[in-house]
Amino acid sequence: TTCLYNQIPLSAMGDATSYTWSPAFGLSSIYGSSVYASPTSQQTYSVTGSLNNCTTSAILTVSVLSLPNPQIIIPKSQLCQNEIIYLIGRGGVLFDWRGPQSSLYSGQTVSFTANSISLSGTYTLTVTDSMGCKASVTNTLEVYPLPDGSLVGSKMQSCVPFQSDF
């Protein structure tokens, strides 16, 4: 059993001098005692071993598991610097996140402070299901910088109660 799009090694054992596999669909090669299979659906393979003009065959069925369907939920995909980023994953039992600047997170729900606009960009969620199959999905968010500003006044010293002219 393997996950869709994964390769699984197939090996024939014995004292044969040559081995031939069929059908060729999903196989890395049809010759040799060891090959890799990556079928897209359940597939039955036959291997024939030869020695001194004698042959024997065996069959093996490879089952294929479907991939999980990951989803990213970003409640607020446009936010200001210093706000809290929330990333929520669905569709698996293990959740691994990769964000801008090689940031790594794990867990179904992740939250952190957007302390830099460099946290803007693409976030990738890789989920693993209960059978060990993995799939990924991406989503983006934007962190906006805070506006710059200052107060300027000509009268900056006074007695209590202080009042300035800005």
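Because the structure is a prediction, the values reported are computed rather than measured. The first residue of the sequence shown is numbered 1, and numbering continues consecutively from there.
- In this structure, Tyr19 and Gly49 approach most closely via the heavy-atom pair CD2-CA, 3.8 Å.
- In this structure, the ring of Phe112 has its center less than 6.0 angstrom from the ring center of Tyr105.
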Practice task
Take Gln7 and Thr2, measure what side chain to side chain contact (heavy atoms under 4.5 Å, CB included) needs, and give me the verdict at the end.
Solution key: CA-CA 7 Å; Gln7 288 188 334; Thr2 187; over 6 Å; no
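- Contact detail for Tyr123 and Pro100: the closest heavy-atom pair is CZ-CD, 3.3 Å.
- Put simply, Val110 and Val127 are part of the same group of oily side chains (I, L, V, M, F, W, Y) that touch within less than 4.5 Å, one to the next.
- Two residues are said to be in side-chain contact when any heavy atoms from C-beta on lie closer than 4.5 Å; Tyr31 and Thr20 meet this criterion.
- Put simply, the side chain of Val62 reaches to within 4.5 Å of the side chain of Leu10, judged on heavy atoms.
- Rounding to the nearest 0.5 angstrom, the gap separating the CD atom in Glu83 from the CG atom in Asn115 is 13.0 Å.
- Taking hydrophobic clusters as Ile, Leu, Val, Met, Phe, Trp and Tyr residues chained together by side-chain heavy-atom distances below 4.5 Å, Phe95 does not share a cluster with Leu67.
- Here the side chains of Leu4 and Thr40 are in contact, with some heavy-atom distance below 4.5 Å.
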Practice task
Walk me through it: do Ser50 and Thr55 pass the test side-chain hydrogen bond (donor to acceptor under 3.5 Å, both in side chains)?
Solution key: CA-CA 4 Å; Ser50 298; Thr55 62; 5.6 Å; no
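- Contact of the Thr61 side chain with the Gln42 side chain is registered, since non-hydrogen atoms from C-beta on lie closer than 4.5 Å.
- Listed here is the closest heavy atom pair of Gly91 and Pro68: O-CB, 3.3 Å.
- The main-chain N or O of Gly89 is found under 3.5 Å from a side-chain atom of Gln108 such that the two form a donor-acceptor pair.
- Partners of Ile88 by side chain to side chain contact (heavy atoms under 4.5 Å, CB included), not counting sequence neighbours, listed by chain and number: Ile73, Pro75, Arg90, Thr109.
- Counting heavy atoms from C-beta on, the side chains of Trp97 and Leu104 never come closer than 4.5 Å.
- Atom CD of Gln101 and atom OG of Ser118 lie 4.0 Å apart (nearest 0.5 Å).
- Remark: Leu27 CG to Gln43 CD distance equals 8.0 Å, nearest 0.5 Å.
- Ser103 contributes atom OG, which lies 6.5 Å from atom CG of Leu119 (distance to the nearest 0.5 angstrom).
- Between Ser33 and Trp21 the shortest heavy-atom distance is O-CZ2, 3.8 Å.
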Side-chain donor-acceptor contacts of residues 131-149 below 3.5 Å, not counting sequence neighbours, with atom names and distances?
unit_1, atom_1, unit_2, atom_2, d
Ser136, OG, Thr126, OG1, 2.7

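- Scanning all heavy atoms of the two residues, the minimum distance from Cys80 to Ala114 falls at O-CB, 4.3 Å.
- A single hydrophobic cluster is seen to contain both Leu125 and Ile74, as judged by linkage of ILVMFWY side chains at heavy-atom distances under 4.5 Å, directly or through other members.
- Inspection of the Ser46 and Ser57 side chains reveals no N or O donor paired with an N or O acceptor under 3.5 Å.
- Atom OG1 of residue Thr48 and atom CD1 of residue Ile30 lie 10.5 Å apart, to the nearest 0.5 angstrom.
- The closest side-chain heavy-atom distance from Leu51 to Cys54 is not below 4.5 Å.
- Residues Val64 and Cys3 share a closest heavy-atom pair of CG1-C, 4.3 Å.
- Atom CG in Leu65 sits 9.5 Å away from atom CG in Asn6 (nearest 0.5 Å).
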